[in-house]
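Worksheet for the structure shown next.
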There are 2 protein chains.
Amino acid sequence: MIIIYFLIFAVRFSHQREKIREIVYNTNSHPTADKIFLEAKKSIPKISLGTVYRNLKQLEISGEIKTIYDDNIARYDWNTEPHNHLKCKNCGDLIDIVLKDKSIHPKIKKDFKFNVDKVEMFIIGTCKKHAKQT
Amino acid sequence: MIIIYFLIFAVRFSHQREKIREIVYNTNSHPTADKIFLEAKKSIPKISLGTVYRNLKQLEISGEIKTIYDDNIARYDWNTEPHNHLKCKNCGDLIDIVLKDKSIHPKIKKDFKFNVDKVEMFIIGTCKKHAKQT
DNA sequence: AAATAAATAATAATCATTCCTATTATTATT
DNA sequence: AATAATAATAGGAATGATTATTATTTATTT
């Protein structure tokens, strides 16, 4: 027996979603849902936090943004290309970096029989603004 | 002027803390606070979740255990040596691995003027139990 | 054994996030 | 342009993880 599901999912235009997308795409600091909410409020005063979360999830599903977890809170990133983050323990800033080294993938596959999809890396330390001179 | 602070912090014995330490040290699955709480309850029925969290934090501060964040919940690890985790997206299991390659430290220091303390890496994919054959 | 102060149990509070529902807004159809 | 269908919203309640509060208990010192 063959069962075919058609999931018809009509995504309609919404001003709120446009604004949320615009905010994420214009922010480099990996904002939290709350930051996005406060920013969106400036132009859409009645917007609700639930709307922000719902649309962020939808934008993530459609591949337009990426969610990253910093300790236990979600942050949102316009950069959907594979990349990693430096986190300064002094200022909390997240800095995007691209490490193009893919050599660990085959190594992990060989050593642990584990198929790697993606590597989420948080490199913790002190950024140049806060480093003591060495 | 020289100011010297003596922070006298008398840590007293407690059965609850001993049990919590014992549970973490005998569990390889990176248990959550709740799991530890349920396990501790078996021998200390009146233990409270607050006690579990308070002691886990204290054990973390004293360097006896390590906290890792898996998406948005905290897990606890007896392994305080630098290591990383493979996370299977099917079963959610976390597998400890040690990647001894420290070559990214000087590279990041050079390229980004960023002093690396530690690298937290979550390698997401499918473990051997759940991998399709390739 | 009495005095002390750290640790606890129980519970309230908080914070991020998700869920619920009556209402509103977008889009397709007449 | 009006109508119908239904996706999206605002507002608020609910949830789940974690932290804070406080009266009581317990380990240690005197």
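Lettering follows sequence order; numbering is per chain, from 1. Atoms considered below: every heavy atom in the structure, side chains included; atoms not considered: hydrogens, waters and symmetry mates. Bear in mind that the values here come from a model prediction, so they are computed numbers and not experimental data.
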(message) My understanding is that a pair needs two contacts under 3.5 Å, Watson-Crick or G-U wobble. By that rule, which nucleotide pairs with dT14(C)?
(response)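 By the stated definition (distances under 3.5 Å), dA17(D) pairs with dT14(C).
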Would you kindly give the [atom1]-to-[atom2] distance between [X] and [N], to the nearest whole Å?
| X | N | atom1 | atom2 | answer |
| --- | --- | --- | --- | --- |
| R75(B) | dA17(D) | CZ | P | 12 Å |
| I20(A) | dT17(C) | CD1 | C1' | 15 Å |
| I61(A) | dA7(D) | CD1 | C1' | 15 Å |
| L59(B) | dA7(C) | CG | C1' | 13 Å |
| Q58(A) | dC19(C) | CD | C1' | 16 Å |
| K19(A) | dT9(D) | NZ | P | 15 Å |
| I36(B) | dT18(D) | CD1 | P | 10 Å |
| D71(A) | dT18(D) | CG | P | 11 Å |

Nearest to side-chain heavy atoms of [X], which nucleotide of [options]:
| X | options | value |
| --- | --- | --- |
| S14(B) | dT17(C), dA7(C), dT28(D) | dA7(C) |
| Q16(A) | dT27(C), dT9(D), dA8(D) | dT9(D) |
| S48(B) | dA16(C), dA10(C), dT19(D) | dA10(C) |
| F13(B) | dA8(D), dA9(C), dA27(D) | dA27(D) |
| R12(A) | dT18(D), dT28(D), dA7(D) | dA7(D) |
| A74(B) | dA7(C), dT8(C), dT18(D) | dT18(D) |
| T51(A) | dT17(C), dT9(D), dA27(D) | dT9(D) |

Looking for any heavy atom pair under 4.0 Å, which part of the strands does [X] touch: base, sugar-phosphate only, or nothing?
| X | result |
| --- | --- |
| Y53(A) | base |
| L49(B) | base |
| R54(A) | base |

(message) Checking H83(B) against D77(B): is there a side-chain donor and acceptor pair closer than 3.5 Å?
(response) yes
(request) Answer yes when K19(A) and E22(A) have at least one side-chain N-carboxylate O distance shorter than 4.0 Å, and no when they do not. (result) yes
(request) Considering only NZ, NE, NH1 and NH2 on the basic side and carboxylate oxygens on the acidic side, decide whether E60(A) and K57(A) come within less than 4.0 Å. (result)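 Looking at E60(A) and K57(A), the cut-off is not met.
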(request) Could you check if a side-chain atom of V119(A) sits within less than 4.5 angstrom of a side-chain atom of H105(A), using non-hydrogen atoms only? (result)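 In contact.
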Taking only side-chain N and O atoms of [X], does any of them lie within less than 4.0 angstrom of OP1 or OP2 on [N]?
| X | N | answer |
| --- | --- | --- |
| H15(B) | dA7(C) | no |
| N55(B) | dT8(C) | yes |
| K46(B) | dA10(C) | yes |

(message) Check whether R17(A) reaches the backbone of N55(A) with its side chain - one donor and one acceptor, N or O, closer than 3.5 Å.
(response)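 Not confirmed, R17(A) side chain does not pair with N55(A) backbone.
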(message) Below 30° counts as parallel, above 60° as perpendicular, anything between as tilted: where do the rings of W78(B) and Y25(B) land?
(response)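 The rings of W78(B) and Y25(B) sit tilted, inter-plane angle from 30° to 60°.
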